[in-house]
Amino acid sequence: MKQLMTGNEAAALAAKMAKPQVVAAYPITPQTSIAEKLASYVARGELASRYIKVESETSALAACMGGSLAGARVFTATSSQGLALMHELLHWASGARLPVIIVDVNRSMAAPWSLGVDHNDSLSQRDTGCIQIYCETAQEALDNVLIAFKLAEKVLLPTMVCLDGFYLSHYSEPVDIPEQADVDRFLPRRKAKYRMDPNDPFTFGGGVSPQVLFGLRKRIQSDMDSALDCFRQICTQFFRYFKRRYRAVESFEIKGKDIALVTNGTLSGTVRAFVEQNGKEKGVGLVKMRLFRPFPKGEFKKAIKGLKKLVVIDRNLSPGSGGIFSQEIRSAIYGIEAALPIVSVIGGLGGVDVSIEDLDRLVDRIREGGDLQDETIWMEA
Amino acid sequence: MIEIKLSGRGGQGAVLASQILGSAFFKIGNWVQSFPSFGAERRGAPVSAFLRVDTKEITLRYGVKHPEWLVLFDPGLVKNKMVMDGVRSDTSIIVNSTEPAGKGRFGLEQRLFIVDATSIAEGLNLRTTSFSIVNTAMVGAFAKASGLIDLDSVSAAIGELVPVKKEENIAAAKEAYGKVKEVSL
């Protein structure tokens, strides 16, 4: 059944349907309505969960980690500075192999204060060992949260579902609501193999020798690698239950095109509309990145076969380097036969609109501009 | 695709109005996308909300640049640059005003409709301590002026989304539907 809801409402509903035993969140624009919605589910008795009120995002994640350690399914949501405050514990959560689910409603990092979206908050967590999934629509927000729980609890790593602030968190649109019975079958109660239990004691997160630490780090890398296969399998299962198919990398109308615009998050929606309207005439298609960590190298290479140029639009900036997705993509495709030229574009920082007209101008500039490989194109407002 | 902008002052209910219209269009089988203007909303400051309606999925993710319809909850907003940004000669405008002729059409050259939503709301006792709640009347006026949506769907959406005084709010939409008038050039 389809209902109108915002991306935040969809994410909160998915969290409710996943039946976490522990929820802890601290309000921050534009995430607040997720925390509010979950609090009201618990208050009305629609969600049997411990809703732990906390005084900061550090505490929110700490409370979830405690719950996760005790074997519970746990959920938190945050944004921007709040996620930055979680940073220290995110390393801990992945090192301790705790499948915490975090919804990050992307918002630009201060200073200066801004409420608009870019992805620097979540991408700053790149090296923490946290899985990252990006959403284009409110439907994907709902679906990705369900997928995230299953994936995190399978590979035992914290998993972040990223929603663009405002363009997704506050846009209200039709969302197909799954049946609770199907969600229960897709996502049964978590069974933790190791958990903190006074009757069956283990040591968690204690001091280790350098050799043990080295081994555990290597293990996170191999489990991240296997998370790609897990993601694929879980998406197949998801399709069986809910009839919506998802992939780590998705291409749209790239057949017969020489250029692909590569994006993530809600920008993919605008690019999709642009490709539908002008794609044939301009010779462009869309490649959309759903997963950022683990980085789906193999699927990306498959998705771009036959293309002559990639235009990577980053809604983020690593000062001193450039767009983060374009770095990752350069690294992923380095050394493959007839390496593709990549044009790096920075757009939409701080929630600046990127419209169809902006994309039209961008493609024209790239068609006329020759190589452009050594420069960054700025889509300024 | 139809793009609609609804502008009022913080507290007048422009965001809820876009949700009501969104729900009404959705009920009759359309894809809709409704959203508020982004920023820190404050009571009394201009606030805009937007609605896109189409027969197929809408994948655009940016603000409405050039609305086909502009619904103004306060005649003073005609002079507000932010509110009037992107309004073109082919934009149709509906203004809440106590003056039927709208003071020389407020200097507007676009297709113009006027409705006295404030008096309608006051008559039905739809008010807070600081504002008349004109949003449901403006939604009713939009339905009539645009002819894009029927009053029954609008009334049903009001019944579902307005938290208090449902009947009075539906009555406000109906009254405004009957009273909105086009002002000739």
Side-chain angles (χ1 to χ4, degrees), chain A residues 2-9 29-30 33 107-108 113-117 135-140 163-176 252 263 265-277 286 288 315 347-348 350-359 379 381, chain B residues 1 3-6 14-42 45 47-67 82 85-86 88 149 153-154 156-161 163:
Chain A
K2 277 205 171 86
Q3 270 180 33
L4 294 182
M5 56 175 66
T6 64
N8 274 2
E9 287 167 345
T29 302
S33 57
R107 164 182 160 184
S108 192
W113 287 117
S114 155
L115 301 173
V117 57
C135 305
E136 179 185 334
T137 63
Q139 184 72 60
E140 286 192 15
L163 276 63
D164 284 5
F166 294 108
Y167 294 113
L168 188 48
S169 65
H170 286 62
Y171 271 41
S172 179
E173 59 195 38
V175 175
D176 194 23
F252 176 69
T263 63
T266 58
L267 239 170
S268 318
T270 305
V271 172
R272 194 182 295 279
F274 170 66
V275 168
E276 267 183 346
Q277 237 179 63
L286 160 71
K288 162 176 146 180
R315 194 167 221 153
V352 162
D353 273 348
V354 177
S355 67
I356 286 191
E357 292 73 27
D358 294 329
L359 293 169
M379 293 181 87
Chain B
M1 188 171 64
E3 293 185 307
I4 303 156
K5 179 174 183 177
L6 303 109
V15 176
L16 183 58
S18 78
Q19 288 166 348
I20 291 167
L21 277 181
S23 171
F25 277 108
F26 177 61
K27 277 177 198 302
I28 60 168
N30 293 286
W31 190 278
V32 298
Q33 191 188 62
S34 73
F35 51 99
S37 57
F38 310 147
E41 286 84 8
R42 290 152 294 147
V47 167
S48 294
F50 304 90
L51 180 66
R52 290 191 172 106
V53 181
D54 205 347
T55 49
K56 61 181 177 62
E57 182 175 352
I58 298 161
T59 66
L60 301 177
R61 295 284 167 176
Y62 55 90
V64 167
K65 305 286 180 203
H66 306 292
M82 214 170 61
D85 180 44
R88 295 197 285 211
I149 182 81
S153 303
V154 167
I158 292 173
E160 281 166 29
L161 291 171

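Naming convention: chains lettered A, B, ... in sequence-line order (proteins, then strands); numbering from 1 in each chain.
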query = What part of A/V354 gets closer than 4.5 Å to chain B, counting heavy atoms only: side chain, backbone, both or neither?
reply = backbone
Residue pair A/Y171 / B/S34, side-chain heavy-atom distance below 4.5 Å = no
query = Heavy-atom distance under 4.5 Å between the side chains of B/P36 and A/H170, does that happen here?
reply = yes
ask   = Just how far is it from atom CG of A/L168 to atom CZ of B/F35, taken to the nearest 0.5 Å?
value = 12.5 Å
query = If you check every heavy atom in residues 18-27 of chain B against those of chain A, which residues fall under 4.5 Å?
reply = B/G22, B/S23, B/F26
remark   = Output for pair (A/S355 OG, B/K65 NZ), nearest 0.5 Å, gives 5.5 Å
task = Can you tell which part of A/L267 gets under 4.5 Å to a heavy atom of chain B, answering side chain, backbone, both or neither?
result = neither
Members of residues 51-61 of chain B whose heavy atoms come closer than 4.5 Å to chain A = B/R52, B/K56, B/E57, B/T59, B/L60, B/R61
ask   = With a 4.5 angstrom heavy-atom cut-off, which part of A/E276 approaches chain B: side chain, backbone, both or neither?
value = side chain
message = Taking the side chain as everything from C-beta on, heavy atoms only, tell me whether B/Y62 gets closer than 4.5 Å to A/T270.
response = yes
message = Which atoms of A/T137 are under 4.5 Å from chain B, going by heavy atoms: the side chain, the backbone, both sets, or neither?
response = both
